[in-house]
Amino acid sequence: MKFSREVAQAFANKQPLVALESTVIAHGLPFPQNIETAFNLESIIRDAGAVPATIAVFDGEFCIGLSQDQIETLAKSDSVRKISRRDLSIALAKNLTCATTVATTSFIAHRAGIKVFSTGGIGGVHRGFSSDISADLPELAQTPITVVCSGAKIVLDLPATREWLETNGVTVLGWKCGEMPAFYSRSSGLPIDERVDSAREAGEIIAARDALGLSNSVLVTVPVPEEFEIDFEELEEILKRSLDFADAEKISGKEITPFLLGEMSKRSGGKTLASNIALLENNARVAAEIAAAIV
Ligand code: PSU
Ligand code: MN
């Protein structure tokens with residue numbers, strides 16, 4: 001593991017840290033919004049009094065805290081591999097440069113000693129083909145970290161994803177909300193396990209998880225800011241067409257999530273992209289607040 005100077009200092013000074021993933025930079029958002037967002041998320045976390053730790057793998061080294069050059073490489077290069085748990089050993093042995101998903105960012109952040117991780121939406125059970133289950137889910141069940149997100153990405157089977165989390169003991173909190181957010185939409189009709197109205201309240205539940213020695217992560221699910229919400233009815237048509245197109249183009253495996261996000265953005269005239277960026281920024285703010293409450 002290689003720590004940036006800023007992150008190493010934060011550990012030495014016992015400052016709150018927030019981990020950020022790199023797949024959203026390399027594969028989740030288009031250029032140049034990806035690079036702007038990567039830097040913005042880091043600034044938001046600093047402004048909120050915490051220290052950002054963007055995570056990626058460079059030449060087989062697990063990097064915690066990236067330089068501007070490294071972020072640019074992730075944003076511009078087409079050859080950065082998206083890695084999940086199964087790829088970690090390959091990345092290390094073959095000195096690869098890779099972007100980390102929710103699964104691998106959680107894996108590395110937890111082992112580095114970072115307690116809070118902020119992202120957009122987690123992976124989950126895919127629609128229609130329910131044997132495609134993101135490796136994010138089992139990782140969340142076995143990694144005691146806190147993940148701030150807006151639920152699972154809307155392209156997924158949200159009820160099935162919700163059931164999976166319940167079965168496997170992942171705690172789902174609603175940040176000032178009474179149901180699980182649905183990424184671009186504030187509501188899903190799906191339950192949360194408990195509502196929290198402050199970082200302190202979330203922190204108490206996280207501390208209790210640790211006191212019990214439980215291995216599960218705690219998801220703090222935060223609804224997209226109202227002005228960026230996309231009505232589900234409106235989105236459904238775009239999503240259906242994107243799913244059909246992915247099917248026709250025979251897109252599968254790790255390509256499917258980035259493909260669908262890109263298609264929806266094109267078909268919505270950039271509306272889903274603006275919503276995605278808004279929720280990422282908002283989640284970073286909430287994560288910094290929670291990180292400060294649990295140091
Ligand atoms: N959230 C976003 N954009 C993304 C992702 C999440 O707003 O690009 C990424 C995350 O890195 C997540 C991954 O871990 O998509 C899930 O991919 P898969 O379904 O192939 O496991
Ligand atoms: Mn998959």
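Only a predicted model underlies this, so the values are computations on that prediction, with no experimental measurement involved. Whatever order the structure lists ligands and atoms in, that order sets their numbers, starting from 1.
A donor-acceptor contact closer than 3.5 angstrom links the side chains of Thr54 and Glu42. Thr119 and Glu21 are linked by a side-chain donor-acceptor pair at a separation below 3.5 angstrom, with hydrogens and angles left out of the test. Counting only N and O atoms by type, the side chains of Ser150 and Asn283 include a donor and acceptor under 3.5 Å apart. With hydrogens and angles left out, the side-chain atoms of Thr101 and Thr104 include a donor and acceptor closer than 3.5 Å.
What sits closest to atom 5 (C) of ligand 1 on the protein, heavy atoms only, is Lys153 NZ, 3.1 Å. For atom 11 (O) of ligand 1, the closest heavy atom belonging to the protein is Glu21 OE1, 2.6 Å. Shortest contact from atom 17 (O) of ligand 1 to any protein heavy atom: Lys82 NZ, 3.1 Å. The single protein non-hydrogen atom nearest to atom 19 (O) of ligand 1 is Thr257 OG1, 3.0 Å, given as residue, atom name and distance. Nearest protein neighbour of atom 8 (O) of ligand 1, counting heavy atoms only, is Gly28 CA, 3.2 Å. Ranking the protein heavy atoms by distance from atom 21 (O) of ligand 1 puts Ser134 OG, 2.7 Å first. When hydrogens are left out, the protein atom nearest atom 1 (N) of ligand 1 is Gly121 O, 3.0 Å; that is the closest non-hydrogen contact.
Residue contacts with ligand 1 for Ile256 are absent, since no atom lies close enough (heavy atoms, distance under 4.0 Å). Here Thr101 has heavy atoms under 4.0 Å from ligand 1 in both its backbone and its side chain. At a heavy-atom cutoff of 4.0 Å, ligand 1 is contacted by the side chain of Leu261 but not by its backbone.
The distance criterion of under 3.5 Å between nitrogen or oxygen atoms is not met by His27 with respect to ligand 1. By the 3.5 Å distance cut-off applied to N or O atoms, Phe183 is not counted among the residues near ligand 1. Annotation: Asp136 places an N or O atom under 3.5 Å from an N or O atom of ligand 1; distance criterion only.
Across every non-hydrogen atom of Ala50 and Val18, the tightest pair is CB-CG2, 4.3 Å.
Within the structure, the side chain to side chain donor-acceptor pair (under 3.5 Å) test picks out the following pairs touching residues 154-163 (sequence neighbours left out): Arg162-Asp193. Evaluation of the salt bridge (charged side-chain N to carboxylate O under 4.0 Å, His left out) test over residues 111-137, restricted to residues two or more places apart or in two chains, returns none.
A cation-pi arrangement is absent between Arg186 and Phe232, since the terminal nitrogen or guanidinium carbon is not both under 6.0 Å from the aromatic centre and inside a 45° cone about the axis.
For ligand 1, the atoms sitting less than 4.0 Å from at least one non-hydrogen atom of His126 are 19 (O), numbered in the order shown with element in parentheses. With ligand atoms numbered from 1 in the order given, ligand 1 contributes 7 (O) to contacts under 4.0 Å with heavy atoms of Asn276.
Leu239 and Ile122 end up in the same hydrophobic cluster when Ile, Leu, Val, Met, Phe, Trp and Tyr side chains are linked at under 4.5 Å.
With respect to the Mn ion (ligand 2), Asp132 has OD1 as its nearest N, O or S atom.
Looking at Arg195 and Asp197, a side-chain N of the basic residue comes within less than 4.0 Å of a carboxylate O on the acidic one, giving a salt bridge.
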